There are 2 protein chains.
Amino acid sequence: MDAITIKDIARALNLSTSTVSRALRDSYEINPETKRLVVEYAERFNYRPNPIALSLKENRSRVIGVVVPQIANNYFSQAINGIDAIAYSRGYQVIIFQSHESYERELLTVQQAVARKVDGLLISLSGGTSDVSHLRDLQERKLPIVLFDRVSKELDSFCVTADNFTGAFAATEHLIQSGRRRIAHLAIPSYISITQERLAGYRAALEKYGVPYDENLIRYSEFSQNDVEPVVNDLLNQSPDAFFAAGDRLALGCLATLKKRGIAIPETVSLIGFTNTPVADLLAPPMSTVEQPALDIGQVAAEQLINLIEGKQKLTQPGMIRMPTRMIVRESSQPVGVSKPV
Amino acid sequence: MDAITIKDIARALNLSTSTVSRALRDSYEINPETKRLVVEYAERFNYRPNPIALSLKENRSRVIGVVVPQIANNYFSQAINGIDAIAYSRGYQVIIFQSHESYERELLTVQQAVARKVDGLLISLSGGTSDVSHLRDLQERKLPIVLFDRVSKELDSFCVTADNFTGAFAATEHLIQSGRRRIAHLAIPSYISITQERLAGYRAALEKYGVPYDENLIRYSEFSQNDVEPVVNDLLNQSPDAFFAAGDRLALGCLATLKKRGIAIPETVSLIGFTNTPVADLLAPPMSTVEQPALDIGQVAAEQLINLIEGKQKLTQPGMIRMPTRMIVRESSQPVGVSKPV
DNA sequence: TTGTAAGCGTTATCAT
DNA sequence: ATGATAACGCTTACAA
């Protein structure tokens with residue numbers, strides 16, 4: 001724990017700390033010889049500037065705070081991966097906070113981040129968050145904030161999300177074109193931005209093809225996997241011929257329930273999940289997927305934030321970036337589970 | 001960004017900073033009235049001590065560093081979840097670093113963590129790490145370190161892992177008892193601790209039941225999903241009647257390959273994955289699972305580390321905690337994909 | 001070209 | 001009971 005400091009170098013070389021600092025910081029007024037000496041010594045003893053001292057001095061930390069509802073979630077961990085990649089390449093470190101889908105936790109967690117003097121905040125709103133005044137306050141105090149995935153129109157900030165409308169439209173259109181008419185729509189709680197957009201895409205596609213919109217085919221489910229099953233069972237009473245599950249865990253929960261009930265996909269119903277689980281590949285062919293570009297969203301959001309932090313973009317001008325989604329069709333006519341001998 | 005400081009309070013109340021500090025820290029020699037005043041003011045203006053200043057002063061950060069091979073990995077994100085829960089409940093924050101399965105990155109990343117003055121380090125070794133002297137150095141400098149999951153016997157430290165031997169033994173035993181004799185064993189690179197233990201469990205079970213050990217049935221695969229398929233195909237040439245995939249992504253890759261080849265599970269072969277993907281539930285019944293208690297491992301490791309940090313446990317005494325695994329049998333006689341109408 | 005000193009926010013030591 | 005001062009590691013006017 002006895003890391004070497006500028007002071008140590010100064011003492012050893014009989015210089016002042018300021019000279020050492022200058023030598024290391026590549027400053028102008030410095031004797032090349034002195035500089036050589038210092039740099040050499042620093043290297044030899046593996047000197048690393050103390051980031052904490054720097055933070056205190058410069059009132060910034062080169063840390064960006066990331067607040068997500070859950071870390072242990074495929075979508076968010078991939079997004080974090082993207083954030084991390086960009087952040088590190090631009091010299092920032094990342095501290096991750098979880099809101100556990102709770103507004104109170106989000107509040108607390110954001111405070112902690114601010115206390116830690118993060119240079120900026122990357123947030124995907126918790127499921128319980130409808131009021132964003134805590135974030136607005138921070139923005140007014142000039143803290144750069146970028147929202148991703150779960151964004152809010154209530155806040156004038158940069159937002160990066162998947163193109164939910166188009167993705168949902170494409171999914172619904174595909175289902176309609178393959179002959180389905182009673183398409184159940186399974187969504188997470190309704191006040192969340194992405195829910196609205198996906199539902200809008202769904203409705204728009206129905207409208208385009210003159211398929212009637214039936215409210216009974218729309219259901220909302222909480223976040224836990226267990227909550228999905230009863231909702232799906234309930235939907236099944238509406239004799240749907242397809243499911244569009246507008247979320248990762250919803251899609252998996254739906255799939256599991258259908259399997260459990262012995263309902264063949266795609267024979268009996270068709271299923272498209274708006275999802276990010278790479279494991280979805282395993283489920284081929286039952287479930288087609290509208291892929292959420294989690295990694296890209298993380299990367300773009302991090303880029304935006306760092307530009308904001310470094311003043312390469314003005315804080316005041318909000319903007320919305322929608323990352324394209326990709327639809328992967330995995331509906332083969334081949335029944336599931338057909339086996340041939342080795 | 002204009003957070004209130006002790007200085008501000010002092011100025012406003014016409015006190016010295018030291019008095020304010022004392023009032024807030026509940027120190028002894030302090031006029032109750034003064035204290036009341038200070039505390040009130042602090043609360044009113046929502047004073048929060050600057051953790052960075054504290055870190056600089058106390059040469060510790062109340063931050064623990066976590067180094068994992070990949071964040072976007074079900075196992076590790078769950079483990080991080082466990083770590084996070086314990087850490088926050090004990091007043092620590094968590095900074096996450098990725099080694100990307102590379103020794104060099106691990107080295108670098110650990111240095112960064114140390115520079116950030118983390119109070120302790122929780123590490124799951126990268127796949128590329130065989131030499132652990134960088135960690136030994138840190139230990140000698142009295143930095144508390146706890147290894148989890150991917151541990152090394154080369155380092156005298158606390159280790160927390162799944163009970164890999166017993167888990168692998170149980171899996172293999174189950175396969176043998178259900179009549180399988182040529183059990184392919186699919187593992188991640190061989191110099192990793194968990195690989196060795198799982199292989200040992202496998203061999204022990206074979207021995208117990210007098211099933212011959214055939215080297216041709218053992219294969220190692222790299223980490224990426226794509227690497228798995230050729231290895232599985234290769235194994236299939238050895239006419240196995242079962243697969244034991246000793247890892248999360250291996251199990252999924254194996255499953256995907258078998259599906260692709262149209263090989264029925266469990267009719268043609270049997271499959272047990274040593275895994276953590278909750279989605280495995282979806283794949284029922286084809287794959288039975290030996291569940292790795294990722295969350296528990298994270299929690300226990302974090303607890304150990306914090307005890308170490310806070311001196312509740314001496315640094316010198318290494319120890320090994322093995323968290324029990326749980327086997328979930330999902331081999332029904334019902335063929336996969338059989339469907340009945342709604 | 002180099003050194004001195006102040007300051008970032010906090011606490012501990014030593015006065016008063 | 002309270003205040004002044006130094007110190008944590010670093011940078012940056014300002015002096016020399």
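Please read all numbers here as calculations on a predicted model, not as lab measurements. So you know, we letter chains A, B, ... as the sequences are listed, proteins then strands, and number each from 1.
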Identify whether any heavy atom of [X] sits under 4.0 Å from a base atom; if not, whether one sits that close to sugar-phosphate; answer base, sugar-phosphate or nothing.
{"X": "Ile52(A)", "value": "nothing"}
{"X": "Thr5(B)", "value": "sugar-phosphate"}
{"X": "Asp8(B)", "value": "nothing"}

So if I take every side-chain heavy atom of [X] and compare against [options], which nucleotide ends up nearest?
{"X": "Ile6(A)", "options": "dG9(D), dT11(D), dT11(C)", "answer": "dT11(D)"}
{"X": "Asn31(A)", "options": "dC14(C), dT11(D), dT1(C)", "answer": "dT1(C)"}
{"X": "Ala53(B)", "options": "dT12(D), dG9(C), dA4(D)", "answer": "dG9(C)"}
{"X": "Ser21(A)", "options": "dT11(D), dT11(C), dG9(D)", "answer": "dT11(D)"}

Working to the nearest 0.5 angstrom, can you tell me the gap between [X] [atom1] and [Y] [atom2]?
{"X": "Met323(B)", "Y": "Asp149(B)", "atom1": "CE", "atom2": "CG", "result": "12.0 Å"}
{"X": "Arg116(B)", "Y": "Ser55(B)", "atom1": "CZ", "atom2": "OG", "result": "10.0 Å"}
{"X": "Thr19(A)", "Y": "Leu37(A)", "atom1": "OG1", "atom2": "CG", "result": "12.0 Å"}

Is Gln98(B) close to Arg105(B) at the side-chain level, that is, under 4.5 Å between some pair of heavy atoms?
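Not in contact.
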
I need the [atom1]-[atom2] distance between [X] and [N], as an integer number of Å.
{"X": "Leu15(A)", "N": "dT11(D)", "atom1": "CG", "atom2": "P", "answer": "15 Å"}
{"X": "Glu58(A)", "N": "dT12(D)", "atom1": "CD", "atom2": "P", "answer": "7 Å"}
{"X": "Ile9(B)", "N": "dT11(C)", "atom1": "CD1", "atom2": "C1'", "answer": "14 Å"}
{"X": "Arg25(A)", "N": "dG9(D)", "atom1": "CZ", "atom2": "P", "answer": "18 Å"}
{"X": "Arg60(B)", "N": "dT11(C)", "atom1": "CZ", "atom2": "C1'", "answer": "13 Å"}
{"X": "Ile30(B)", "N": "dG3(D)", "atom1": "CD1", "atom2": "C1'", "answer": "11 Å"}
{"X": "Leu37(A)", "N": "dT2(C)", "atom1": "CG", "atom2": "P", "answer": "10 Å"}
{"X": "Leu24(A)", "N": "dT12(D)", "atom1": "CG", "atom2": "C1'", "answer": "15 Å"}

The answer to which of Leu56(B) and Val20(B) contacts DNA chain D further toward the 5' end, by nearest nucleotide, is Val20(B)

It should be established whether [X] places a side-chain nitrogen or oxygen under 4.0 Å from OP1 or OP2 of nucleotide [N].
{"X": "Lys7(A)", "N": "dC8(D)", "result": "yes"}
{"X": "Lys57(A)", "N": "dG9(C)", "result": "no"}
{"X": "Thr19(A)", "N": "dT2(C)", "result": "no"}
{"X": "Thr34(B)", "N": "dT2(D)", "result": "yes"}

**Prompt:** Is a salt bridge present between Arg150(B) and Glu101(B), judged by a nitrogen-to-oxygen distance below 4.0 Å?
**Reply:** yes

Looking at the base of dG3(C), is there any donor atom on it, or on the side chain of Arg22(A), that sits under 3.5 Å from an acceptor on the other one?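 For Arg22(A), whose side chain was compared with the base of dG3(C), there is a donor-acceptor pair (under 3.5 Å).
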
Q.
Looking at Thr17(B) and dA4(D), is any side-chain donor or acceptor paired with a base atom of the opposite kind under 3.5 Å?
A. no

### Task
Would you tell me whether Gln112(A) and Tyr88(B) have side-chain atoms, one donor and one acceptor, within less than 3.5 Å of each other?
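The answer is no; no qualifying pair exists.
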
Assert: residue with more 5' nearest nucleotide on DNA chain C, out of Pro32(A) and Arg48(B), is Pro32(A)

